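To start, the structure itself, in structure tokens.
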Amino acid sequence: MTAAQVARVTGTSESNIASYERGDKVPGRHTLQRILDAIDAGSESPIYVHGLVTTPQAAAAIRFGIRNGWTPREHLRIVREQRSNSKWVSRPIDHQVFLARPATTGDRRWDALLAGSTEEMAVRSGLPIPGWTQHVRLMNEWFVADVPAFNDYLLAHSPEPFRSRGVMIDPDALESV
């Protein structure tokens, strides 16, 4: 696998990977663990073979989108793609890489949404809930909808891993068609 592939999967830049290799920079503990796990998964991992969107990669893409004025719909497209990609992940090391603790998106709302999504994917796969998701919560409810009149529906139908974090979202908005 290439440095570019490892960077993509771990949600960091290729220049950071090169700096870590040269010893010019020292990665943080979570970044280092993501990199080591991504390398340990090997080039035959479906994450590399199919170019799957991991949780760290989704967070990096959302961070880029926030900085560049993307709409919430564009951010949700990334989350839907990641969730759809989870069906390709089966080995324990691949789950570890796929559901790894991401760097922040730069927006607590999207961090909470990714934590809820990660918890839900882990539960669906019969895996332990990643520890990093446990304390990612919002102080106030966030309604992920374009129409405020839809808020009552979201309160009633948001999946528990999202609702418990203050993220009110239509379950259909999380699934690819």
Side-chain angles (χ1 to χ4, degrees), residues 6-13 16 27-35 37-38 41 46-47 50-89 93-146 154-155 157-177:
V6 172
R8 180 188 59 78
V9 165
T10 59
T12 192
S13 68
N16 277 344
R29 177 173 54 107
H30 300 297
T31 301
L32 178 59
Q33 191 59 57
R34 285 194 308 268
I35 292 168
D37 289 344
I47 291 171
H50 300 293
L52 305 183
V53 177
T54 65
T55 301
Q57 183 183 359
I62 291 169
R63 183 172 51 253
F64 177 86
I66 290 167
R67 290 178 181 158
N68 289 283
W70 292 4
T71 66
R73 285 180 193 223
E74 292 168 305
H75 295 121
L76 282 172
R77 182 192 55 77
I78 294 164
V79 174
R80 281 192 299 274
E81 181 177 355
Q82 184 222 11
R83 291 170 62 88
S84 176
N85 287 179
S86 68
K87 67 181 173 267
W88 294 99
V89 180
I93 187 62
D94 294 327
H95 282 291
Q96 200 166 318
V97 171
F98 193 81
L99 302 174
R101 178 188 196 131
T104 182
T105 63
D107 184 321
R108 297 264 319 142
R109 298 172 305 170
W110 288 101
D111 292 343
L113 189 145
L114 282 176
S117 183
T118 299
E119 177 181 332
E120 190 176 60
M121 285 186 291
V123 169
R124 282 185 183 179
S125 298
L127 298 169
I129 298 168
W132 69 266
T133 66
Q134 305 284 323
H135 303 291
V136 183
R137 304 197 186 299
L138 299 174
M139 296 298 292
N140 299 306
E141 293 172 337
W142 174 40
F143 293 89
V144 188
D146 297 332
L154 296 180
L155 275 170
H157 293 92
S158 293
E160 179 56 29
F162 297 89
R163 188 174 45 250
S164 67
R165 289 177 170 75
V167 178
M168 305 304 147
I169 190 164
D170 182 356
D172 291 339
L174 297 166
E175 302 305 324
S176 295
V177 179

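Counting from 1, the numbers follow the sequence of the chain as shown. No experiment lies behind these values; they were computed from the predicted model shown.
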Compute whether any side-chain donor of one residue and acceptor of the other, for [X] and [Y], lie under 3.5 angstrom apart.
X: Thr55; Y: Gln82; value: yes
X: Ser176; Y: Arg83; value: no
X: Glu81; Y: Ser84; value: no

On a heavy-atom basis, which atom in [X] and which in [Y] lie closest, and how many Å separate them?
X: Arg80; Y: Ala173; answer: NH1-O, 3.0 Å
X: Arg109; Y: Val167; answer: O-CG2, 4.2 Å
X: Val9; Y: Ile47; answer: CG2-CG2, 3.6 Å
X: Glu120; Y: Pro159; answer: OE2-CB, 3.4 Å
X: Ala59; Y: Ala103; answer: CB-O, 3.5 Å
X: Pro56; Y: Pro102; answer: CA-CB, 3.7 Å

Rounded to the nearest 0.5 Å, how far does [atom2] of [Y] lie from [atom1] of [X]?
X: Phe98; Y: Gln96; atom1: CZ; atom2: CD; answer: 14.0 Å
X: Asp107; Y: Leu114; atom1: CG; atom2: CG; answer: 10.5 Å
X: Asp37; Y: Leu99; atom1: CG; atom2: CG; answer: 11.5 Å
X: Thr10; Y: Arg34; atom1: OG1; atom2: CZ; answer: 6.0 Å
X: Ile78; Y: Arg63; atom1: CD1; atom2: CZ; answer: 11.0 Å
X: Trp88; Y: Leu52; atom1: CH2; atom2: CG; answer: 8.0 Å

Checklist entry - Relative to each other, are the rings of Trp70 and Phe64 parallel, tilted or perpendicular (30° and 60° limits)? => result perpendicular
Looking only at atom types and distance, does a side-chain atom of [X] sit under 3.5 Å from a main-chain N or O of [Y], one as donor and one as acceptor?
X: Ser117; Y: Leu113; answer: no
X: Glu74; Y: Thr71; answer: yes
X: Ser158; Y: Ile169; answer: yes

Checklist entry - Taking it one step at a time, do Leu76 and Val144 satisfy side-chain contact (heavy atoms from CB on, under 4.5 Å)? => result CA-CA 10 Å; Leu76 282 172; Val144 188; 3.9 Å; yes
Next on the checklist: If you apply the rule side-chain contact (heavy atoms from CB on, under 4.5 Å), what do you find for Thr133 with Arg165, and how did you get there?
Outcome noted: CA-CA 10 Å; Thr133 66; Arg165 289 177 170 75; 3.5 Å; yes
Checklist entry - Is Arg124 salt-bridged to Glu175, going by a charged N under 4.0 Å from an acidic O? => result yes
Next on the checklist: One thing to verify: whether Glu160 and Arg163 come together as a salt bridge, which I'm taking to mean a side-chain N less than 4.0 angstrom from a carboxylate O.
Outcome noted: yes
Item to check | Asp111 vs Leu138, side-chain contact (heavy atoms from CB on, under 4.5 Å): CA-CA, chis, key distance, verdict | outcome: CA-CA 9 Å; Asp111 292 343; Leu138 299 174; over 6 Å; no
Next on the checklist: If you apply the rule side-chain contact (heavy atoms from CB on, under 4.5 Å), what do you find for Trp110 with Trp142, and how did you get there?
Outcome noted: CA-CA 10 Å; Trp110 288 101; Trp142 174 40; 3.5 Å; yes
Next on the checklist: Once salt bridge (Lys or Arg N to Asp or Glu O under 4.0 Å) is applied, do any residues pair with Asp94, and if so which ones, sequence neighbours excluded?
Outcome noted: Arg91
